[in-house]
Structure formats: C-alpha cells, structure tokens
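Just so it is clear: chains get the letters A, B, ... in the order the sequence lines come, proteins before strands, and each one is counted from 1. No hydrogens, no waters, no symmetry mates; every other heavy atom, side chains included, goes into these values. Note that the coordinates shown come from a computational prediction; the quantities given were computed from them, not determined experimentally.
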Amino acid sequence: MEPEQAEHLSQLHSRITSWFTRNARPLPWREPDCSPWGVLVSEVMLQQTPVVRVLPVWQEWMQRWPEPAALAAEPSGEAVRAWGRLGYPRRALRLHAAATVIVTEHGGLVPDTHAALLALPGVGDYTAAAVAAFALGQRETVVDTNIRRVHARLVTGNALPSQSLTAAEMRLAVSLLPDDDAGSVAWNASVMELGALVCTARNPRCEDCPVLADCAWVRAGRPEPHYVPKGQAWHGTDRQVRGAMMAVLREAEGPVLRELLLAGPVDLAAGQETVTTPLAALHALSAPQEQLERALNGLVRDGLAELSGDGLRLPA
DNA sequence: TACACGTGGGA
DNA sequence: TTCCCAAGTGT
C-alpha cells in the first residue's frame, strides 16, 4: 500500500473509532464482564432483529440460563417459549442445540476459535466472526448488513451494498481491517454502530457522520441504489400462519387440539372469541385448510412443535 | 443461487 | 395504510 493510502486508512480508523467512543449505545453484551455465552446469545438474537426488541429477552435469558449447561438441561421448547415474539423461532431451537453441543463437545465452554464456533448450530460466518471478535478479542473480518452498507457508501460509492455478499466486498473488508487485535475489534464494532445509528438504510444522518468528507457516495452526489430491494411477502404466506400457530403454542399450558388449530374461521358473532387471543388471531387469518395443515406439518418437521396425543405442543 | 424463515415499529 | 427493514442461517 502507498504511504498516502496508509495514512488515509489510518485516519478513517481513528475518526470512526473515536466517534464510537463518544456515541456507542451502552449495550449489556458489550460490557467487559459479559461472558462469551452472553455475547453468543446476543448475536443470535440480533440476527435480523432490532436491538430494542432483543434487550429485554436477552436479560431474561441471561438470568435464567447464565451458562450453556443451564439451557441444555431444559427441553428445547422452553427456549422457544422464552424466545417470545423475537421472530424466527428456529433460532431459539438452534441456540438450544448449540448449548447442547457446547456441553457435550466443549466441556460447557463456548469454543474459542472461528472454526469451532462456525460448527455450532445457528452460527454462520457472521456470528462466528462476531463472537470471536467481540467476546474473545480476536482479529476477525466481521461483515454484517451495517458494515456492508458503510463500506458500499464510504468506499465504493453505492447507495446500498449488493444483494448478496460478494468476494469483492470481502476483499474490501479485509483490506480495511486494522492489523492489530484490539484495533480490529474496535473497528468492527465502530463501523457496525456507525451503520446502525448514522449510515442507516433509509434517511442516513450524514450531518452526524465523522467521515462525511471521505464518503464516495456523498461525493458522487448520493446516487440512487442500483436495484430495487424486493420486499418479503407476508400477508397470506405460510410464515404468517406458522407465526400465528407458534403464538398459540407459546401461551398454551399443554397440548393444543389439532382440530382447534386447523379449524376454519369461527363465527365471531357467537362471541366465543375475540381477536385478542392468539387462537382467535390464527382463525382470523381465514387460511385455507390445506395451508393450515402445511404450516402445522412444517412446524413439526422443523422441530418447533411436536404431536402429543391429538394435540400439538412445544417440544418437551 | 435463490428462497424460506417471524415480528413489530417507523416513515 | 402499506411498505421497508433489522448484528443471518440453512437448504
């Protein structure tokens, strides 16, 4: 690298990490006394899920299951129930499975290498890197949606990163990473936070950006994205039905009769149900019988629920 | 590679 | 009101 480039990179590092020290949110999993297990749980919960929704659930989990062994000792259904409404409940199942692997194969301690972390259920490339960096202080190339967006704007000059992670993006992230462990950890956390608080997907707060003067996207006149992000369908999907069924199972004490879950819309005029209960909400979807059965079978197939007699319940 | 997979709050 | 999207993973 040319001396000039090295100097420029060093300035980006100090500007962004300095901004972080002044503006970072005080999150409990960033505290020095937070265990690797606490960091792992936070990272899985934060997958596709905003910080504000994770906070209370994470606190509950740490209180109830301060170590992997405590979680592994319980039925997976308890993890799913305690997951609440965070969404993507299979993450709870995988976290429970990860705790089991940690106990059986790692002596109850969260593994301390990227490769071993990556082998855990529910831990992909991002989460393995994040835990190695943030919990273990290791030099890792952490690439999440925030970091990708900051890189896309600051360096590449695009409004948004490509739709899928490219080799070029990875090379760029590697080239920007500070050489030392501590510096790289601070950089990863800082760029991620910058993306979350300032360099946001919609309405970025460029006035508050510590590297506004260096931003290739701003310099280019803030051009529009190269593509139109395609939104996820929701209304009428299997996911909507599965979600409604899971809500019923979470609040139920015991098994819920299949006929109740598979029933068509009830006669609301009869006054037996209001849309305030999960079961009423499920019925209110008026999903076709075929879709209800497909959703139920999917939950069982995925291990989120199990048949018990003539009913369905969270895994015991 | 593309798609399935939950949820709720802000614009 | 509708749409967007938030610290991705597994198949």
Practice prompt. Please report, rounded to the nearest Å, how far the C1' atom of C:dT9 is from the CG atom of A:Leu46.
Written response: 15 Å

Item to complete: Using atom CH2 of A:Trp58 as one end and atom P of C:dA7 as the other, report the distance to the nearest whole Å.
Response: 18 Å

Fill in: Spacing of CD1 belonging to A:Ile16 relative to CE belonging to A:Met192, to within rounding of 0.5 Å
12.5 Å

Worksheet item: Given B:dT7, is OP1 or OP2 found less than 4.0 Å from the side-chain N or O atoms of A:Arg250?
Response: yes

Item to complete: Please check if A:Ile102 and A:Leu93 belong to a single hydrophobic cluster, counting links between Ile, Leu, Val, Met, Phe, Trp and Tyr side chain heavy atoms closer than 4.5 Å.
Response: no

Practice prompt. Would you mind classifying the nucleic acid contact of A:Ile147 as base, sugar-phosphate or nothing, using non-hydrogen atoms under 4.0 angstrom?
Written response: nothing

Worksheet item: Quick one: which of C:dG10, C:dA6, B:dG8 gets closest to the side chain of A:Arg94?
Response: C:dG10

Discussion item. Please classify the nucleic acid contact of A:Trp83 as base, sugar-phosphate, or nothing, using heavy-atom distances under 4.0 Å.
Written reply: nothing

Worksheet item: Looking just at side-chain N and O atoms, do A:His114 and A:Gln138 make a donor-acceptor pair shorter than 3.5 Å?
Response: no

Practice prompt. Classify the nucleic acid contact of A:Arg202 as base, sugar-phosphate or nothing, counting any heavy atom under 4.0 Å across all strands shown.
Written response: base

Discussion item. Once you apply a heavy-atom cut-off of 4.0 Å, does A:Leu27 come out as touching a base, just sugar-phosphate, or nothing?
Written reply: base

Worksheet item: Between A:Met45 (CE) and B:dT7 (P), how many Å, whole number?
Response: 15 Å

Discussion item. Using 30° and 60° as the class boundaries, would you call the ring planes of A:Trp187 and A:His151 parallel, tilted or perpendicular?
Written reply: parallel

Worksheet item: How is A:Arg25 classified with respect to the nucleic acid when contacts are heavy atoms under 4.0 Å: base, sugar-phosphate, or nothing?
Response: base

Worksheet item: Looking at B:dT7, C:dA7, C:dG8, which one has an atom nearest to any side-chain atom of A:Thr127?
Response: C:dG8

Practice prompt. Answer with base, sugar-phosphate or nothing: what part of the nucleic acid does A:Val142 contact at a heavy-atom distance below 4.0 Å?
Written response: nothing

Worksheet item: Can you find a donor-acceptor pair, distance only, under 3.5 Å between A:Thr145 side chain and C:dG8 base?
Response: no

Worksheet item: Mapping A:Leu120 and A:Tyr126 to their closest nucleotides on DNA chain C, which lands nearer the 5' end?
Response: A:Tyr126

Worksheet, complete the sentence: The answer to which of A:Ser164 and A:Arg91 contacts DNA chain B further toward the 5' end, by nearest nucleotide, is A:Ser164

Discussion item. Is a donor from one side chain sitting under 3.5 angstrom from an acceptor on the other, for A:Arg149 and A:Asn146?
Written reply: yes

Worksheet item: In whole angstrom, what separates A:Arg53's CZ from C:dA7's P?
Response: 12 Å

Worksheet item: Atom CZ of A:Arg148 and atom C1' of C:dC5: how far apart are they, to the nearest Å?
Response: 14 Å

Fill in: Whole-Å gap separating C1' (C:dT2) and CH2 (A:Trp234)
15 Å

Discussion item. Please determine whether a side-chain nitrogen of the Lys or Arg among A:Arg81 and A:Glu74 lies less than 4.0 Å from a carboxylate oxygen of the Asp or Glu.
Written reply: no

Discussion item. Go nucleotide by nucleotide along DNA chain C from the 5' end; which of A:Glu43 and A:Pro121 gets its closest nucleotide reached first?
Written reply: A:Glu43

Worksheet item: Heavy atoms under 4.0 Å, any strand shown: does A:Ser42 hit a base, just sugar-phosphate, or nothing?
Response: nothing

Practice prompt. Identify whether any heavy atom of A:Ala201 sits under 4.0 Å from a base atom; if not, whether one sits that close to sugar-phosphate; answer base, sugar-phosphate or nothing.
Written response: sugar-phosphate

Worksheet item: Between A:Gln48 and A:Arg91, does a side chain to side chain donor-acceptor pair (under 3.5 Å) hold up when you go through it step by step?
Response: CA-CA 11 Å; A:Gln48 302 284 282; A:Arg91 292 182 293 166; over 6 Å; no

Practice prompt. Using a heavy-atom cut-off of under 4.0 Å over every strand shown, decide if A:Gly87 touches base, sugar-phosphate, or nothing.
Written response: base

Discussion item. From CG of A:Leu93 over to C1' of B:dG6, roughly how many Å is that when rounded to an integer?
Written reply: 14 Å

Item to complete: Work out which heavy atom in A:Asp125 is nearest to a heavy atom in A:Leu118; give both atom names and the distance.
Response: N-CD1, 3.6 Å

Item to complete: For nucleotides C:dA7 and B:dA11, find the distance between their P atoms and express it as a whole number of Å.
Response: 15 Å

What N/O pairs connect the protein and nucleotides 3-5 of chain B at under 3.5 Å? Give each pair on its own line.
from  : atom 1 : to       : atom 2 : distance (Å)
B:dC5 : O4'    : A:Arg90  : NH2    : 2.8
B:dC5 : N3     : A:Tyr88  : OH     : 3.4
B:dC5 : N4     : A:Gln232 : NE2    : 2.7

Worksheet item: Given atom CG of A:Leu86 and atom P of B:dT7, what is their separation to the nearest angstrom?
Response: 10 Å

Worksheet item: Would you say the side chains of A:Tyr126 and A:Glu43 form a donor-acceptor pair under 3.5 Å?
Response: yes

